[in-house]
Number of protein chains: 2
Amino acid sequence: MKRNTRQRDAILGAISDARRPLSTQEILTEAQVVVPTLSIATVYRNLKDLTAEGWVLPVKLPGEADRYEVTKLGEHYHFKCSSCSKVFDIHETIKNKELPVPADFVVESYDLILYGRCKDCTPKSRNSGPGASKHT
Amino acid sequence: MKRNTRQRDAILGAISDARRPLSTQEILTEAQVVVPTLSIATVYRNLKDLTAEGWVLPVKLPGEADRYEVTKLGEHYHFKCSSCSKVFDIHETIKNKELPVPADFVVESYDLILYGRCKDCTPKSRNSGPGASKHT
DNA sequence: ATGCTAATGATAATATGATATCATTAGCAT
DNA sequence: ATGCTAATGATATCATATTATCATTAGCAT
């Protein structure tokens, strides 16, 4: 029979609170604030369960390990900061009609990944650039 | 001193002729048509050289190993067929102004990856679906 | 044609993310 | 409070893509 554990709560809590996709290491670190003895194996185990149960979704970026975020976010895209490496959700919308698609191809889904500088890492605000605050 | 080898020519030739990004295994298979003794190690070695010299570029898709294509293609996107798993180039253009970007973020580049059915794998043309011709 | 040595082929080794193992811990029904 | 056993923690193992090793091959300058 399925059991509720502090570990599972801490892991789901970390993902929910982050408001951006977290790597497995970030999840481990955040959840260890609540459960210091938490093991990376338990993180992976619970991520698999939580994904199968539909609570979280893997966020896949080219050339990188999966990050995870809560499911209820709806359609959105991702922005990766080239400075602090954090990934953010972009909830603005792109109209399907604007997608560049050749006639012969049937598009079932698509991923839009933006790369650049996040708010905290824009060069202009030089007192809040990378290094000004802790980054993961 | 640098030497021209049949292997290098065969590898670059395979990538040039493909007109779509090829995986390392596809490159090996295609180049072996010209140089049957070609080893996968030589493929990787030459891909590294050709990339460093600017002849080819790695194409990175989420959760997948790098594919390679020639550099001279200019700005474009990629389409992955969910049936035959081939990746195709999409040369249509998306206007930057249409990109969904929050005010605080500075976008330096972006990736658009489309998923769906390629021409050969559309259900409607049932005499040219997957299996009708050799796929990689 | 010869010699130097870069490049190759075959395969072992590595790196990394993820999974399996197993003794121990701790939910939760009783 | 007790017992059953799911879940955990620590770590070994696996899977895959890529790189290193090294004896052999083959460009190419002479």
Side-chain angles (χ1 to χ4, degrees), chain A residues 1-15 18 21-53 55-69 78 80 85-87 136, chain B residues 1-15 18 21-53 55-69 78 80 85-87 136:
Chain A
M1 183 232 184
K2 195 159 203 340
R3 296 173 183 175
N4 289 331
T5 63
R6 294 173 301 128
Q7 288 84 350
R8 179 184 158 107
D9 285 349
I11 289 166
L12 183 51
I15 298 170
L22 296 186
S23 67
T24 53
Q25 280 304 321
E26 288 175 321
I27 293 168
L28 175 64
T29 301
E30 282 306 307
Q32 279 181 336
V33 173
V34 180
V35 183
T37 62
L38 182 64
S39 158
I40 187 66
T42 299
V43 170
Y44 277 108
R45 266 188 298 245
N46 277 281
L47 284 175
K48 196 155 70 159
D49 291 346
L50 291 168
T51 300
E53 295 164 17
W55 294 103
V56 305
L57 283 175
V59 173
K60 296 170 183 295
L61 295 204
E64 308 188 34
D66 287 359
R67 290 173 174 80
Y68 292 85
E69 66 184 0
H78 294 110
K80 181 175 180 185
S85 295
K86 285 180 186 168
V87 172
T136 316
Chain B
M1 185 232 185
K2 193 157 204 341
R3 293 172 185 177
N4 289 332
T5 64
R6 291 174 304 124
Q7 288 84 351
R8 178 184 158 108
D9 285 349
I11 289 166
L12 183 52
I15 299 170
L22 296 186
S23 67
T24 53
Q25 281 304 320
E26 288 175 321
I27 293 168
L28 175 64
T29 301
E30 282 307 308
Q32 279 181 336
V33 173
V34 180
V35 184
T37 62
L38 182 64
S39 158
I40 187 65
T42 299
V43 171
Y44 277 107
R45 267 189 297 248
N46 278 280
L47 283 176
K48 197 153 70 157
D49 291 346
L50 291 168
T51 300
E53 295 164 17
W55 293 104
V56 304
L57 282 176
V59 173
K60 295 169 182 294
L61 295 204
E64 307 188 35
D66 288 359
R67 290 174 173 79
Y68 292 84
E69 67 184 1
H78 294 108
K80 181 176 181 186
S85 295
K86 285 180 187 168
V87 172
T136 317

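In what follows, chains are A, B, ... by sequence order, proteins preceding strands, each numbered from 1.
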query = Is a donor-acceptor pair below 3.5 Å formed from side chain A:R6 to base C:dG27, judging by atom type as modelled?
reply = no
request  = Look at A:S39 and D:dA10 and indicate whether a side-chain polar atom (N or O) is within less than 4.0 Å of OP1 or OP2.
outcome  = no
query = Quick one: does B:R8 reach the base of D:dG27 with a side-chain donor-acceptor pair under 3.5 Å?
reply = no
message = Rounded to whole Å, please give me the gap between CG in A:D9 and P in D:dT8.
response = 10 Å
request  = Would you mind reading off the distance between A:L28 atom CG and C:dG17 atom P, rounded to a whole angstrom?
outcome  = 13 Å
task = For D:dT8, take OP1 and OP2 only and decide whether either is under 4.0 Å from a side-chain N or O of A:N46.
result = yes
request  = Mind running side-chain contact (heavy atoms from CB on, under 4.5 Å) on A:D49 and A:E53 for me, showing each step along the way?
outcome  = CA-CA 6 Å; A:D49 291 346; A:E53 295 164 17; 3.9 Å; yes
remark   = When rounded to whole Å, the CG to P distance for the pair B:N4 and C:dA6 reads 15 Å
key: B:Q7/B:R45 under side-chain contact (heavy atoms from CB on, under 4.5 Å): CA gap, chis, key distance, verdict   = CA-CA 11 Å; B:Q7 288 84 351; B:R45 267 189 297 248; over 6 Å; no
key: Rounded distance (Å) that lies between atom C1' of D:dA7 and atom OH of A:Y44   = 19 Å
message = Counting only side-chain nitrogens and oxygens, does A:T5 get under 4.0 Å of the OP1 or OP2 atom of D:dA7?
response = no
Counter-base of D:dT16, judged by Watson-Crick or G-U geometry with both distances under 3.5 Å = C:dA15
message = Please evaluate residues A:L38 and A:I11 with respect to the criterion side-chain contact (heavy atoms from CB on, under 4.5 Å), reporting the C-alpha separation (whole Å), side-chain torsions for both, the decisive distance (0.1 Å), and the verdict.
response = CA-CA 9 Å; A:L38 182 64; A:I11 289 166; 4.1 Å; yes
query = If you count the non-hydrogen atoms of other residues, nucleotides and ligands that lie under 6.0 Å from NZ in A:K60, is the total more than 12?
reply = no
note = The residue, B:I40 or B:K2, whose nearest nucleotide of DNA chain D is more 5′ is B:I40
request  = Figure out the CG/P separation between A:L50 and C:dA18, and round it to whole Å.
outcome  = 15 Å
request  = Select from B:A41 and B:M1 the residue whose nearest nucleotide in DNA chain D is closer to the 5' end of that strand.
outcome  = B:A41
message = Expressed as a whole number of angstroms, how long is the span from A:R45:CZ to C:dA20:C1'?
response = 9 Å
message = Only pairs with both distances under 3.5 Å count, Watson-Crick or wobble alike; so what is the partner of D:dT21 in this structure?
response = C:dA10
inquiry  = What is the separation between atom CG on B:L47 and atom C1' on D:dT19, rounded to the nearest whole Å?
reply    = 13 Å
request  = May I have the distance from A:Q32 (atom CD) to D:dT8 (atom P), rounded to whole angstrom?
outcome  = 14 Å
note = Taking a pair to mean Watson-Crick or G-U wobble geometry with both distances below 3.5 Å, C:dT30 pairs with D:dA1
message = Under 3.5 Å, is there any donor-acceptor pair linking the side chain of A:R3 to the base of D:dT5?
response = yes
key: Distance in Å, A:L47 CG paired with A:L57 CG, rounded so as to fall on 0.5 Å steps   = 11.5 Å
ask   = Between A:Q7 and D:dG9, is there a side-chain N or O to OP1/OP2 distance below 4.0 Å?
value = yes
